[in-house]
Amino acid sequence: MPDILGYTSQLSVAPGDEQVVMVSCRSPQFSAELVRIEGPDTDFGDAPWFRTVPLGIPAQTLPGQLQQTTPGSYARVAHLPVGDDPPGVTLHCWVAPTLPGDGRVQTLACQHASGGDAGVRLVLDPTGRPSLRVWSPGREDVATLAAPLTAGEWYSIAAVVDLRRGVMLLWQRDDNAAEPTIVQQPITAALPELSGAFTLAAQLDGGSPYDFYDGKLGMPSVHSRPLELTELDTLTTGRRPDDALVAVWDFAACIFGSELIEVSGHKRHGELVNLPTLGVTGPTWTGEYLDPRSAPEQYSAAHFHSDDLIDAEWEPSARLSVPEDLPSGLYGVHLGCDSGQDIVPFWVRRAKTTQPAGVLFLAPTFTYLAYANDRQHVTADFGPVKRSVDFGEADAWLHEHDELGASLYDVHRDGSGFCYSSRLRPILNMRPGYVSWLTGYPRHFSSDLAILGWLGRQDVAYDVATDGDLHTDGSSLLDGQHVVVTGTHPEYYTGPMRDALAEYLQQGGRLMYLGGNGFYWVTGVNAARPHVIEVRRGHSGTRTWESKPGESHLAGTGEPGGLWRHRGQSPNQLVGIGFAAMGWGPGCGYRVADGIPARIRETVFDGLEPGTVFGDYGWLGGAAGDEVDRADQAHGTPPETVVLASSVGLDDRYQPVVEEQLSIVPSLGGTTNPDVRSDVTYTTIGNNGGAVFAAGSVNWAGALPHDHYQNTVASLTSNVLRAFLSEAL
């Protein structure tokens, strides 16, 4: 763990709110100071990439402590009484492991006795064999089946403990066997009353989980007596003896909440910790239904991972009051100790009692979360576009550690994709000085500082808000704002966010989309866990993993995942352009288009003639680069869209997006494929004066600070802002 590291309870607050900061520190004390974060004065590499401005509020000196993070998803019921004087117990569940035999003990289900120092535990042993363990202080009895389980296959497994007869029995059935596999042996351990905690996918020791499971579990149940062999067979068909049933949990009932839901009527509900993947296919899935809402009984499973993390659960370390008169903007908590420092950023909205500034920067925090603690340099294969990378301090640390979770681009230890990402953890690549391992330049949060640096030179007041605020507040967040400015990569959008922007534009709002690959992935937020976003990659789009068959719907909202384009709501329809290509090779400039209406050309380009090339500077060598968008009426670009400029010079390291390729043919790269380009566009929306200026490149912001913001990209962006504010465009 770095010497000092922190995260905040919220990414967006209002004046007067309290911001809670969680800090892990190796020193006995640390300081915490509220500062404003401002964009750079000059280009990257020429000076510090950001500036922090003290607010005159004295720093707090607080006690430091090392805080531990335990990744791994599991389920727990705090108190599950099996019976007052039980003759025994039966545990049953469907099991489909994904990492059997990887050298670890993996807990499937565990019923603890009162006090927690004895119980019945169903596990996979280090070789992947099902094992029943009955333990009490100083003694453990173990019964293990002979054959290890096969990854991805479903098994019906039961653990039977008969205290009257003094025997334990482990039972397994799968589709490939005519008869169940059974092993039985005596019990020597002395079990007290089985009325402690019940867990799935981990065991508890003094409240701390361990021996996490990787794989799916379906329809687990607990019974208050040892079931007969004939009764175990009926469990496989879904029938359970009513006289002995203590609890049965259906993960299909958990999809839209955060509880472990008991469905027999006994109300033995519990908690899902670190959120296993829900909305996944269970043992009865036939392939006929792809939507959990159509056949919930076929989606009765959850996929647990030993590296899931949606809440680091650190103790609060500092509480900072946001001043009532604090102007809207980007702020941070500067943390310092003897051996290190950290700056934890957050956004301050305008106070509701103040008037809108007229310009709003909409921070793409869902993109920040999607890339949070990105470890693709460890897990992903980019094939022919691979390049040597230089790890910064954050990436080097993430390369060696995974306890702070991963991004939505990474894969779990078992190869399945991360589909949840949370803000309740330290996010090392959401820091103002972060340099991307992929490009060697600022990216995402740190690159958006270039837009703030440009905005700060426009002699106009501006507010800030986040796309999370837009999701919660809808179009009312944008009321009174004449111009909304996006970040460099607003890639992850929920339905409510998209609808709010569309409504704003239809009502006459003006949008400056200063990035690329925006409004691309369907993203979900469940009200029961608003700190978490969810993405399902589906089976198309540029992706580092894809959803398993039948698992493309978002569990938290029920809606189809994947690309907005495949939901009939392309980015082109919303802002005039859509994702066209990517490559991370050298960028390039733009050529001013022919045929631009004179009023628009004179307003935007300030006399720049058609055919003139501009923007051949900045990160990667040009304003067009990284990921780029183009206009295309076939994908929904409105006929009113005017192409102002197009890129010139993207090479063959830039390839078209996957979703446009029906077959693989030669000459797809930028030197021969006219569709591999970035377009700068202007689109009028509706009948109330709405309009969109779209830059069409993640790298656009990388050209803004060039030559101290004295360049064509910065000046024409300023021309658009002034024209939107004066309604000249």
*Do T69 and W314 have side-chain atoms, one donor and one acceptor, less than 3.5 Å apart?*
yes

*Is the number of heavy atoms from other residues, nucleotides or ligands under 6.0 Å of D242 CG greater than 12?*
no

_If I compare all heavy atoms of Y155 with all of T150, which pair ends up nearest, and what's the gap?_
OH-N, 2.9 Å

*Of all the heavy-atom pairs spanning L309 and R425, show the shortest one and how long it is.*
CD2-CD, 4.2 Å

*asked:* Cation-pi check for W135 against R121: NZ or CZ below 6.0 Å from the six-membered ring centre and within 45 degrees of the axis, yes or no?
replied: no

_S547 side chain to R543 side chain, donor-acceptor N/O pair below 3.5 angstrom_ = no

*Does the side chain of S131 come under 3.5 Å of the side chain of D125 through a donor N or O and an acceptor N or O?*
no

*Side-chain donor-acceptor pair under 3.5 Å between S339 and R26, yes or no?*
no

*Residues R413 and D102 bridged, charged N to O under 4.0 Å*: no

_Tell me whether E546 is salt-bridged to R537, with the criterion being a basic N under 4.0 Å from an acidic carboxylate O._
no

*Taking atom types as modelled, is there a side-chain donor on K216 or T281 under 3.5 Å from an acceptor on the other?*
yes

*Quick one: are the ring centres of Y409 and Y371 less than 6.0 Å apart?*
yes

*If you measure only the distance, is there a donor-acceptor pair under 3.5 Å linking the side chains of H79 and S195?*
no

*Salt bridge check: are D395 and R375 linked by an N-O gap of less than 4.0 Å?*
no

_Can you confirm if the aromatic rings of F366 and W521 lie within a centre distance of less than 6.0 Å?_
no

*asked:* Any salt bridge linking D342 with R431? Criterion: basic side-chain nitrogen under 4.0 Å from a carboxylate oxygen.
replied: yes

*Above 12 or not: heavy atoms from other molecules or residues under 6.0 Å from CD of E393?*
no

*Please tell me if the side chains of W171 and T181 come closer than 4.5 Å, counting only heavy atoms from C-beta onward.*
no

_If I compare all heavy atoms of L204 with all of Y210, which pair ends up nearest, and what's the gap?_
C-CE2, 3.9 Å

*Quick one: does NZ or CZ of R293 land under 6.0 Å from the six-membered ring centre of Y299, within 45 degrees of the ring axis?*
no

*Spacing of CD1 belonging to I255 relative to CG belonging to L554, to within rounding of 0.5 Å*: 11.0 Å

*For the residue pair E559 and T557, confirm or rule out a side-chain donor-acceptor distance under 3.5 Å.*
yes

*side chain to side chain contact (heavy atoms under 4.5 Å, CB included), paired with Y213, selected from V123, V105, L124, T98*: L124

*Under 3.5 Å, is there a donor-acceptor pair linking the side chains of T90 and H92?*
no

*Can a donor-acceptor pair be found between the side chains of D414 and H303 at a distance below 3.5 Å?*
yes

*asked:* Would H444 and Y368 count as a ring-ring contact (aromatic ring centres under 6.0 Å, His included) here? Give the steps.
replied: CA-CA 6 Å; H444 305 133; Y368 306 158; 7.6 Å; no

*Once you round to the nearest 0.5 Å, how far does CD of E534 lie from CG of L275?*
8.0 Å

*For N373 and L428, indicate whether the former's side chain and the latter's backbone hold a donor-acceptor pair under 3.5 Å.*
yes

*Between the side chains of D307 and H412, is a donor N or O closer than 3.5 angstrom to an acceptor N or O?*
yes

_Check: S73/N274 side-chain N/O donor and acceptor closer than 3.5 Å_ = no

_Nearest heavy-atom neighbours spanning R536 and W545_ = CA-CH2, 4.5 Å

_Non-hydrogen side-chain atoms of W397 and L404 separated by less than 4.5 Å_ = yes

_For a side chain to side chain donor-acceptor pair (under 3.5 Å) check, start with the C-alpha distance between S208 and D205, then their side-chain angles and the critical distance, and finish with the verdict._
CA-CA 5 Å; S208 299; D205 183 4; over 6 Å; no

*Option passing side chain to side chain contact (heavy atoms under 4.5 Å, CB included) with L227 (candidates D162, L235, D233, L169)*: L235

*Is any side-chain heavy atom of Y492 less than 4.5 Å from a side-chain heavy atom of L369?*
no

